[in-house]
**Student:** 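Supplied in structure tokens, the structure appears directly below.
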Amino acid sequence: MTERSAPLEPSAARVQEAARGLGLAIAVRDMPASTRTAEEAAAACGVGVGQIVKSLVFTGAQSGRPYLLLVSGKNRVNEKGVAAHLGETLARPDAAAVRALTGFAIGGIPPFGHATPLATYMDEELLSFDIVWAAAGTPRAVFCVDPKTLCAAVKATVIGVT
Ligand code: 5CA
């Protein structure tokens, strides 16, 4: 008998499809436990929180331009330091604005496949791991990937965020 997994929820299926469009060979997994926060995702995936990719949306305080920061779960963003990289100070959009920009709800925001294009930056510390885990559209869906492969696929600029 062949084991079959249940079909992905539409939001997770969109992430799988977006990966295909980027030529990124990943498999979205629906986990049996919540992966809504970096800590929950680390527990569910059996890795340290540093290996979890947080997908954080900011907007430029001057330009209004949206930015996506892919940050190691162990790091907090030093907004002043990152602002120096971006050339403007950062604002945090509220949950509704994040959803409008990305097409996904907080807790499941993936690193690609968004409703609008987001200038993307990656925490250099993610590149110290062989494998990282990122959200895939829902608060239970994740995928794992070599961070260098993810960085190339999303054309991220590597920066220090702390
Ligand atoms: N699924 C996990 C890891 S794979 C995940 O999505 N983690 S996360 O860190 O990327 O997403 C939660 C983040 O959303 C929080 O770290 C926080 O920065 C942000 N956030 C939480 N609530 C709000 C809110 N009301 N408005 C804007 N951002 C928020």
Side-chain angles (χ1 to χ4, degrees), residues 8-16 18-19 22 24 26-61 64-83 85-86 89-116 118-147 149-151 153-154 156 158-162:
L8 294 171
E9 278 183 50
S11 291
R14 274 197 284 144
V15 176
Q16 183 69 72
L22 290 172
L24 187 61
I26 54 122
V28 171
R29 305 181 192 195
D30 199 21
M31 302 301 272
S34 171
T35 58
R36 184 183 301 274
T37 67
E39 289 75 17
E40 287 177 338
C45 301
V47 297
V49 75
Q51 275 173 276
I52 301 300
V53 181
K54 297 192 286 190
S55 297
L56 306 178
V57 180
F58 292 84
T59 50
R65 185 172 180 235
Y67 299 101
L68 179 69
L69 268 56
L70 304 178
V71 177
S72 167
K74 71 184 168 75
N75 286 340
R76 282 185 64 86
V77 174
N78 171 353
E79 293 190 23
K80 278 191 183 150
V82 172
H85 280 291
L86 305 184
T89 52
L90 297 176
R92 290 305 296 267
D94 66 17
V98 171
R99 184 168 196 135
L101 285 166
T102 64
F104 299 93
I106 282 168
I109 299 189
F112 52 78
H114 307 116
T116 51
L118 304 173
T120 302
Y121 294 80
M122 182 181 280
D123 178 354
E124 62 190 1
E125 289 190 39
L126 284 171
L127 296 170
S128 67
F129 300 102
D130 292 335
I131 292 286
V132 296
W133 293 75
T138 79
R140 280 164 54 131
V142 290
F143 67 90
C144 64
V145 66
D146 176 339
T149 304
L150 176 64
C151 189
V154 303
V158 177
I159 61 171
V161 304
T162 57

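First listed ligand is number 1; within each ligand, the first listed atom is number 1. Keep in mind it's a predicted model, so treat the numbers as computed, not measured.
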**Student:** Give every pair formed by an N or O atom of ligand 1 and a protein N or O atom closer than 3.5 Å, one pair per line with both atom names and the distance to 0.1 Å, or write none.
**Tutor:**
unit_1: ligand 1; atom_1: 1 (N); unit_2: T35; atom_2: O; d: 2.5
unit_1: ligand 1; atom_1: 1 (N); unit_2: R36; atom_2: O; d: 3.4
unit_1: ligand 1; atom_1: 1 (N); unit_2: G107; atom_2: O; d: 2.8
unit_1: ligand 1; atom_1: 6 (O); unit_2: G107; atom_2: O; d: 3.4
unit_1: ligand 1; atom_1: 10 (O); unit_2: S55; atom_2: N; d: 3.1
unit_1: ligand 1; atom_1: 18 (O); unit_2: R92; atom_2: NH2; d: 3.0
unit_1: ligand 1; atom_1: 26 (N); unit_2: A95; atom_2: N; d: 3.4

**Student:** Hey, are the side chains of I159 and E124 touching, using non-hydrogen atoms and a 4.5 Å cut-off?
**Tutor:**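 Contact flag for I159/E124 side chains = no.
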
**Student:** Could you go through residues 45-59 and list every donor-acceptor pair under 3.5 Å that involves a side-chain atom there, pairing it with any protein atom two or more places apart or in another chain?
**Tutor:**
unit_1: Q51; atom_1: NE2; unit_2: I131; atom_2: O; d: 2.9
unit_1: K54; atom_1: NZ; unit_2: N75; atom_2: O; d: 2.8
unit_1: S55; atom_1: OG; unit_2: I109; atom_2: O; d: 3.3

**Student:** Can you list the residues that meet the side chain to side chain contact (heavy atoms under 4.5 Å, CB included) rule with D146, with sequence neighbours excluded?
**Tutor:**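 Once residues adjacent in sequence are excluded, the partners of D146 under the side chain to side chain contact (heavy atoms under 4.5 Å, CB included) criterion are K148, T149.
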
**Student:** Heavy-atom count check: over 12 atoms from other residues, nucleotides or ligands less than 6.0 Å from E9 CD?
**Tutor:**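 Check fails, neighbour count at 12 or below.
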
**Student:** According to ring pair (Phe, Tyr, Trp, His ring centres under 6.0 Å), who are the partners of F112, at least two apart in sequence or on a separate chain?
**Tutor:**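 With sequence neighbours excluded, F112 shows a ring pair (Phe, Tyr, Trp, His ring centres under 6.0 Å) to F143, given in chain and number order.
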
**Student:** Does atom CG of D130 have more than 12 heavy-atom neighbours, drawn from other residues, nucleotides or ligands, at distances under 6.0 Å?
**Tutor:**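 No - once you tally the heavy atoms of other residues, nucleotides and ligands closer than 6.0 Å, there are 12 at most.
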
